[in-house]
Amino acid sequence: MNESTNNTKKLKVQNDRDNLQTLHDVCNWFHLDKSAIEYHDLENVKIIKYKELKAAKETVSSHLKCINCPEFIGIDFEVSKYCVPSLMLGILNSGHAFFNIPTDPLAWTELLTSVNAKYIFARSTKSNRKIICQFDIHGELIYLTKLIDIEENINNRKWYRFAYAITTSGSTGVPKVIKVPHSCILPNITDLKKILDVTNSDKIAQLTNFTFDPSIVEIFLSLYCAATLFMISNALKNEAVKVLNEISRARVTILQITPSLLFHQWSTKRLNTTILNKDSKLKILLLGGEPFPNVKLLKEASHPQNTTRLFNIYGITEISCWSSVKEIIKSNEDEVCLGEPLSETVFQIRNKENEIITTGDGTLYIGSTTRICIIGNETEENFNKPVFRNTGDIVFIDDHLKIFYRGRQNNIIKRFGNKVNLRELERVTTELNFVRNCATFWDTENHKLYLCLTVRDTKEKIFKLKNDVLSHLKILPAIYKPNQIIIVEYFNFTTSGKICQASLKEICKNSETEATHTSYLDINVEEIFEKLWNDHIKSKDAGYLMSGGTSIAALQISNAVAQIFNAEFPELIGMLLKDCTFDKCVSYIKNILINQNREKTINHSNSISHNENFSNEISTNDCAIMQSQNNFSLLSNKDYSYQWYKCRGKSYGNAIKENIISLLGNILSVEVLATYNLQKCVDASPTVFRYSEEELYVTVASHSGIVCTANLLKIDSASYEIKLPDRIEASVLVLADFCGIVGCYDGYIYCIHLKTGDVIWKFQTQDMVKCSAITCMQGNKIFVGSYDSHVYCLSVKNGAQIWKAKTGQGGICATGCLHRHSTSVLFGTLDGSCLALQQSSGHIIWKRKLQDPIFVAPVVLRSRHVLFCSVAGLLCCFDIETDYQIWQYVIHGNVFSYPVIWTPESMSDEYVILGSHNKNLYCLEMPRTIEENMPKLKCMLQLHSPIFATSWCENGYVFVACTNGIFKIFDLLKGKLLATKQLPGEIFSSPVVHNNLAVVGCRDNNLYVLKLN
């Protein structure tokens, strides 16, 4: 066959392929020896050729022959990224559709229910699934599993030739499940190939999360053109600088990204010298998912000789995926329009009366007769074609039929009776050269408008930058003036790469808290009012109006004064609008405050005698109790029936409740049973753990870096030791089969085998780690804080970073705590921040700020409320789900001892045991009802030495280690001292008690095993 005939045949096959109606059929298999996937990890690059991809596709497809009816088949988020395209292709090739499982359990449940899923591809097995088969995909063991006890949904049996299912990001309203037919997504693939001129020599970046539909375009556009797909690991994705370098070095030619993520991760200077430099191989930069950025910013990020083509790409998930595209010329600084609709797509702009308009402002609708997704429980029979979807976007169409984005419908707010377009405020703000990105937040409840922004490297002071913003915003009507301008270090993003609105809300709320509780503390009325006055007008020489004040600013000043002083000033706004002077306003405020005689006091309940009758039994706080069966099974196949560990006042897992009341009630003395020399101070708190009835161990580390593990049932046997490079003050988190996780002063988090000394994995933070790790409910990831001000979420299996979250300016030394009812994890920091982080993503979903550092772990009360305690002795109880402070209580002494929860099972009472440096041990009775809005001091033990360590409480008996080295046992029921033991050195380590044994570290370099006689 001559070359001409061969080319003609290939062209015919290509044309036939273009007419096919399925994603997998348009894939190009003519270049089997070419690289299909180039997967970059932190250190390695994995190449998968088209022939390997094709073989894997056929393997998957053959294993799915056992499923007769078309199904939606899930791909677990733990499956390695480079395996996902093969699974997608195999699922499609066998006549099924796929969906990628989101990490958010609520979204996952909604998606699972909506598509009636029964089958999931996964890397590991779970108790609610049975294995259908297993096979090797690119070196990774993959299981096809079937969910157990899933009810058949007969209403979902009709098949629409679906390709995949996906959920919306929520930016167009409540997240919805979208089922996408091949006919809806295919036009995107074929259109973009032509518009972008994609060939088999291109390398397309696949950086988008699989649960965001642009990822489908990235993958299948590459496969359609026989290009190479550039993929990165999660570990590399978290290293922004390395990602950019890899994109540049790997010569990626096509990149699709949200504008916020582009300019958040990388500075304009760095972009200018890498992917947008004069020699860049990046042909195409697609910016979508958000409003197009300021063209001036893009010009600054691009070298003058850079030839990368820029495109504004727009669409909604309900018409998966893109609906229009417009090439942007960097030299043209005109406002960017949405461009022409893609094939088989129609745009309509409708006014409030739902009438189609051809000029002016309106809501954009996108329609099609073929690109029709199924949303929720829709059925195709009920459609009147073409089907139009409301985008929720406000647009402007000019006389030339060009469409310009104006913002979301929910971004049009009513402020002081006037309409304000928040998008317009953002657009004007980004015109300033020093503004990198900005976002607005409207507090509906308090009618406050916040403008949050990130700035480029600048030496200007914050107040100067804020003044510059206010001056520039004068080009807008006065109604647009924000109540507060907040300059943030960075924005948090959703998995889709968009600015997280929940996080934005927290930033704004916290700024109010910080402004109220820090900026205005200990300064007089005149200084406070002067600050507010100067925020709005710059002169005090004349009256308010003559100095340039406006009615809106008067409202803002009046509201701020009322909030700061927690009082009403009914005449203030009238005084301002009557052109009163600064001095007259100050005099009025002072008179109101004097007349009210406001004095802030904190009342304590009276102390109750020691012989108050408590319950006979104690149950340890279960706020952080994990599913330890799952936890241990990750690293071990052994079936241990008594799996638990105890540390720092808490029991984790399924601890056995031995009846030891008679033993505790008859303690007469304490003797040293054994000591273990760790060569330097043992300030870390020991962890006691059990795998079976015959095994009881303790493990602890010291300033020498030695981690010592000893068998408490065989005291004479030798201990196991491993030495890490630097000091250790954290407790060891015990996992399965003698695996332990501990942080070190060298900045690493280590996973070690406590017997063999092997380092299973280690993870580097940017500062020392004094925080002890905890696991999630499923036990497959840990949460741990570092002095670098970040909380890290790591995989238990290999230490890979799942996410990290910047908590503020303070380091973290206290252990975290799970809040099971809200799927969040709680941390306190050394800058006084109280935080609730989403376990799946690390997004800050709740934050408050105390005045003083926090050295102790938060606890969750029976009421689901959370308790934080500052070093100054301020206990604050919050309802994090409603963002409400329930109560606060002050202990007049520094607190380094973790609060311990005592909940007698025979009563509804709940107590907090807390030691202080003021030499007192407190027992506080928690409020039982909403009406009881303060804890009561049930009893207080007066000791002769400060308390740093966390006490152990067991069945009404409390074990206290004082800093002077004395170990004491008290009967809280009677207020009676039962026994003491003087150790040779100071004690900062927290004792743990089990049956008749107690273990505690000492500053004489020893771990002590004590016997209670």
In terms of ring plane angle, is the pair Tyr911 and Trp902 parallel, tilted or perpendicular, where the classes change at 30° and 60°?
tilted
Should the pair Phe948 and Phe988 be assigned to parallel (<30°), tilted (30 to 60°) or perpendicular (>60°) ring geometry?
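Rings of Phe948 and Phe988: perpendicular, as their planes differ by over 60°.
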Specify the closest pair of heavy atoms between [X] and [Y], including all atoms of both residues, with the distance to one decimal.
X	Y	value
Leu914	Ser897	CD1-O, 3.1 Å
His865	Ser863	ND1-OG, 3.0 Å
Arg864	His819	O-NE2, 2.7 Å
Val900	Cys953	CG1-CB, 4.3 Å
Cys647	Tyr652	O-CE1, 4.1 Å
Ala684	Val700	O-CG2, 3.6 Å

Output all residues satisfying side chain to side chain contact (heavy atoms under 4.5 Å, CB included) with [X], sequence neighbours left out; order by chain, then residue number.
X	answer
Ile854	Cys834, Leu850, Phe868
Thr454	Arg436, Asn437, Val488, Phe491
Asp831	Gln809, Thr829, Ser833, Lys849
Ala240	Gln265, Trp266

Within the side chain of [X], is there an N or O that forms a donor-acceptor pair under 3.5 Å with the backbone of [Y]?
X	Y	result
Lys781	Cys776	no
Thr765	Tyr748	no
Ser731	Ser685	yes
Ser704	Leu678	yes
His892	Gly873	no
Asn1005	Cys681	yes
Ser990	Arg648	no
Ser789	Gly810	yes

Indicate yes or no: at least one non-hydrogen side-chain atom of [X] is less than 4.5 angstrom from one of [Y].
X	Y	answer
Leu941	Val958	yes
Lys448	Gln484	no
Phe970	Leu972	no
Phe783	Phe827	yes
Leu830	Tyr787	yes
Ile752	Val732	no
Pro858	Val866	no
Trp803	Leu837	yes

Between Cys508 and Ile486, does a side-chain contact (heavy atoms from CB on, under 4.5 Å) hold up when you go through it step by step?
CA-CA 8 Å; Cys508 298; Ile486 305 169; 4.2 Å; yes
Over 12 foreign heavy atoms within 6.0 Å of NZ, Lys804
yes
To the nearest 0.5 Å, what is the distance between [atom1] ([X]) and [atom2] ([Y])?
X	Y	atom1	atom2	value
Ile812	Thr807	CD1	OG1	4.0 Å
Cys869	Asp852	SG	CG	10.0 Å
Asp767	His790	CG	NE2	11.5 Å
Leu735	Phe689	CG	CZ	10.5 Å
Leu921	Lys968	CG	NZ	11.0 Å
Glu910	Met926	CD	CE	7.0 Å

Residues at least two apart in sequence or cross-chain that pass ring pair (Phe, Tyr, Trp, His ring centres under 6.0 Å) with Tyr898, listed by chain then number, are none
Do the two ring centres, one from His994 and one from Trp644, sit under 6.0 Å apart?
yes
Please identify which of these residues, Ile987, Leu983, Leu943, meets the side chain to side chain contact (heavy atoms under 4.5 Å, CB included) condition with Cys962.
Leu943
Please identify which of these residues, Val734, Val999, Val688, meets the side chain to side chain contact (heavy atoms under 4.5 Å, CB included) condition with Thr699.
Val734
Assess whether side-chain contact (heavy atoms from CB on, under 4.5 Å) is satisfied between Leu875 and Leu924, documenting all intermediate values.
CA-CA 11 Å; Leu875 281 79; Leu924 302 175; 4.0 Å; yes
Residues that Asp909 engages under salt bridge (Lys or Arg N to Asp or Glu O under 4.0 Å), provided they are two or more places apart
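Testing Asp909 for salt bridge (Lys or Arg N to Asp or Glu O under 4.0 Å), a comparison that skips the adjacent residues, returns Arg928.
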Begin with the C-alpha distance, continue with both residues' side-chain angles, and end with the deciding distance and a verdict on side-chain contact (heavy atoms from CB on, under 4.5 Å) for Asn918 and Asn894.
CA-CA 7 Å; Asn918 66 9; Asn894 289 339; over 6 Å; no
side-chain contact (heavy atoms from CB on, under 4.5 Å) for Val825 and Ile774? Distances and angles first, verdict last.
CA-CA 10 Å; Val825 60; Ile774 60 171; 4.0 Å; yes
Between Thr963 and Ser945, do the side chains contain a donor N or O and an acceptor N or O under 3.5 Å apart?
yes
Can Asp883 and Arg848 be counted as an ion pair, charged N to O under 4.0 angstrom?
yes
Do Lys847 and Glu506 sit within salt-bridge range, that is, some charged N less than 4.0 Å from a carboxylate O?
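No, Lys847 and Glu506 are not salt-bridged.
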